[in-house]
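Excluded from the calculations below are hydrogen atoms, water molecules and symmetry mates; all remaining heavy atoms, backbone and side chain alike, are included.
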Amino acid sequence: MTGGTAWHARVECGSEVGAGFLVSGRHVLTCAHVVRRRELAPVAVSFPADRELAGIPATVIVHGGWRGGPTDPGDLAVLELDREVPLEPAEFAAPGEDQAATELIAYGFPKGYDEGMLASYRALPGPLISDEWAQLEALTAHGQPLAPGFSGAAATRADGRVVGMVSTVAGGRDIRVGRMLPTQVMVRYWPQLCELIPASGHPPEAVRRLNALVRRAAAEGLNCPPDRLYVDAVGPFGPPLPEQGFASLGAAAGYVMGEVPGTEAVTRFADRLRELLDAPPAPRAVAPGWSPILVEIEHSGAGADQVTVEVSACRDGHRRRVDSRRMPRAAVREFVQLRVDAAFDHLAPDAQELLAFVLPREWLNEPVAHWECGPEDCTPLGSAHPLVVMDRSRYRSGRLRHQLTKKWQQLDARTAPPLHRVDCGGRERPAGLRKRLRDEGAALAGFSYPPGAARPHFEAGLNTPVPVLLWPRTGCTAPEHDGPCAGTAFLDELGNGVTGVPPVELPRRVMELREAAEADDDPDGHWAKDVQLLWDDPRCFPRPAASLHSPVR
């Protein structure tokens with residue numbers, strides 16, 4: 001292997017061995033799962049064509065967002081070598097040439113073959129699997145299969161030009177299929193790759209301009225919804241927004257450059273991004289940002305007692321799934337205790353954790369704040385960490401998320417808002433309450449009763465973009481009465497407890513109130529014993545994923 005094929009690479013990370021390929025003097029492409037243990041073990045790259053280029057230390061500088069599952073998208077990583085190597089990088093074919101090729105060659109490193117082996121496959125014509133992978137099938141019933149060690153290998157035409165990267169291998173000698181990320185999909189996760197792919201359909205200067213703007217946006221920390229920018233760029237008659245949305249601005253830009261025909265969308269995307277970068281900075285909140293751990297619970301559709309629970313950690317704008325499974329409702333608490341504890345391993349060391357339970361509407365009064373931290377730690381979760389609940393239907397509503405985002409942006413520049421009371425004894429109809437909350441621009445609403453006591457009134461608050469709702473889980477159960485009650489006393493104390501607290505800090509403040517109630521001489525009599533906080537800032541959470549029990553997912 002010499003000359004134009006010397007760019008094939010062997011990648012090691014701990015016990016994991018995979019393949020890769022050089023795309024510039026210092027950059028190698030491989031699969032994200034090959035370097036999954038990069039925080040525990042060093043990444044080293046070798047080039048079999050030159051024995052002096054062995055064990056070169058490398059750093060992961062781009063990660064496609066792969067979360068750990070065999071069907072998770074974004075299984076791509078860009079490695080930066082600690083020095084430049086004197087080899088010619090790989091050359092790319094134009095998008096779509098994978099299906100026109102009668103044979104594709106992959107150079108991998110199966111167990112026992114440190115020098116490498118070749119495998120011969122072809123890409124099946126037709127649509128991509130889950131809009132992500134091309135299926136590979138062996139050309140013959142004998143020869144080298146795509147065994148472990150081929151992950152990250154370049155899939156090349158007979159002339160050596162790259163059309164994709166092997167991402168999924170069979171794992172057995174009797175199975176001769178695999179999957180490949182075509183170049184147009186790889187661009188989604190590393191937009192700069194578009195500069196290396198010929199005949200992309202876009203002028204080189206337009207591609208370079210958009211890539212430069214994306215790099216500038218990342219360097220400046222621009223807070224820009226990538227889905228909205230994509231929709232603006234392609235217009236009403238362009239390709240629809242992919243179901244899973246975009247995890248980053250770079251992914252959206254890569255999709256536009258690699259898969260949207262014509263040059264207009266690239267130009268519009270770049271122009272709009274330039275406007276956002278050059279706009280005067282908006283007022284910023286002084287409170288620290290949160291790093292959420294999401295606990296999502298949803299009816300599974302497999303029976304009244306069966307639910308689907310997913311626990312994930314949010315870091316750098318990406319959702320990292322810890323575990324997801326279907327179970328009886330009685331098993332949820334123990335599952336959550338164990339998986340929440342595991343989710344902390346995915347947060348940055350200095351992260352400000354926030355436990356967020358995304359619940360079906362009928363579960364909103366569930367005492368999740370009282371669930372114990374674990375089998376050997378009886379501390380309530382809501383006293384150990386800031387903990388909030390969120391309404392699942394509201395969380396998934398694009399309309400309400402849009403309105404809530406605007407409301408939070410307004411709150412960033414304000415002092416602490418007043419508490420809007422929803423007392424017992426009122427003769428207000430639900431529609432009247434909804435109008436009052438909207439007309440008064442309510443940001444913080446307190447109910448004197450739990451959701452089940454007057455559900456139409458409570459839902460009026462949920463269906464209005466009020467960012468924060470609070471209520472007593474065990475408050476007044478018949479709010480039609482006149483005169484003061486326990487719910488009235490709760491709102492009086494609540495008003496004193498949250499006065500002057502910025503909304504972004506309310507999760508921490510409510511945690512302090514729960515701690516005070518637990519430490520009180522009469523904890524059952526303390527007004528804050530059963531306070532429930534619905535806190536909903538869409539800017540803190542990744543775009544909702546597909547339904548937890550969706551067969552597509």
Can you name the residues that form a ring pair (Phe, Tyr, Trp, His ring centres under 6.0 Å) with His63, not counting sequence neighbours?
none

Would you call Glu103 and Arg122 a salt bridge, taking side-chain N to carboxylate O under 4.0 Å as the test?
no

Using salt bridge (Lys or Arg N to Asp or Glu O under 4.0 Å) as the criterion, list what pairs up with Glu205, not counting sequence neighbours.
none

Take Arg394 and Asp536, measure what side chain to side chain contact (heavy atoms under 4.5 Å, CB included) needs, and give me the verdict at the end.
CA-CA 9 Å; Arg394 172 162 139 152; Asp536 199 352; 3.0 Å; yes

Can you sort out the partners of Phe357 under ring pair (Phe, Tyr, Trp, His ring centres under 6.0 Å), two or more places apart, ordered by chain and number?
Trp371

Between Asp323 and Arg325, is the closest basic N to carboxylate O distance under 4.0 Å?
yes

Is it true that Arg209 and Asp271 have a side-chain N and a carboxylate O under 4.0 angstrom from each other?
yes

Check salt bridge (Lys or Arg N to Asp or Glu O under 4.0 Å) between Arg268 and all other residues, then give those that pass, not counting sequence neighbours.
none

Residues forming a side chain to side chain donor-acceptor pair (under 3.5 Å) with Glu334, sequence neighbours excluded:
none

Only counting residues at least two apart or in another chain, list the ones meeting side chain to side chain donor-acceptor pair (under 3.5 Å) with Glu39.
none

Who are the side chain to side chain donor-acceptor pair (under 3.5 Å) partners of His33, not counting sequence neighbours?
Asp75, Ser151

Is the distance from the ring center of Phe109 to that of His8 below 6.0 Å?
no

Counting distance only, does the side-chain N/O of Trp66 pair as donor-acceptor with the main-chain N or O of Gly69 below 3.5 Å?
yes

Any salt bridge linking Arg216 with Asp278? Criterion: basic side-chain nitrogen under 4.0 Å from a carboxylate oxygen.
yes

Residues which pass salt bridge (Lys or Arg N to Asp or Glu O under 4.0 Å) with Arg179, listed by chain and number, not counting sequence neighbours
none

Identified side chain to side chain contact (heavy atoms under 4.5 Å, CB included) partner of Pro465 from the options His402, Arg399, Gln403
Gln403

If the plane angle is over 60° it's perpendicular, under 30° parallel, otherwise tilted; pick one for Trp190 and His27.
tilted

Closer than 3.5 angstrom, by distance alone: can the side chain of Tyr189 be matched with the main-chain N or O of Val62 as a donor-acceptor pair?
no

Look at atom OH of Tyr113 and say whether more than 12 heavy atoms of other residues, nucleotides or ligands are closer to it than 6.0 Å.
no

Could you pull out all residues at least two apart from Thr405 that satisfy side chain to side chain donor-acceptor pair (under 3.5 Å)?
none

So, are Arg392 and Glu296 salt-bridged, with charged N and O less than 4.0 Å apart?
yes

For Arg161, the salt bridge (Lys or Arg N to Asp or Glu O under 4.0 Å) test, sequence neighbours excluded, returns Glu97, Asp159

Any residue meeting side chain to side chain contact (heavy atoms under 4.5 Å, CB included) with Val234, in chain and number order, not counting sequence neighbours
Tyr230, Pro239, Val260, Ala265

Name all residues meeting the side chain to side chain contact (heavy atoms under 4.5 Å, CB included) criterion together with Val214; count only those two or more places apart in sequence or in a different chain, and write none if there are none.
Leu210, Ala253, Leu273

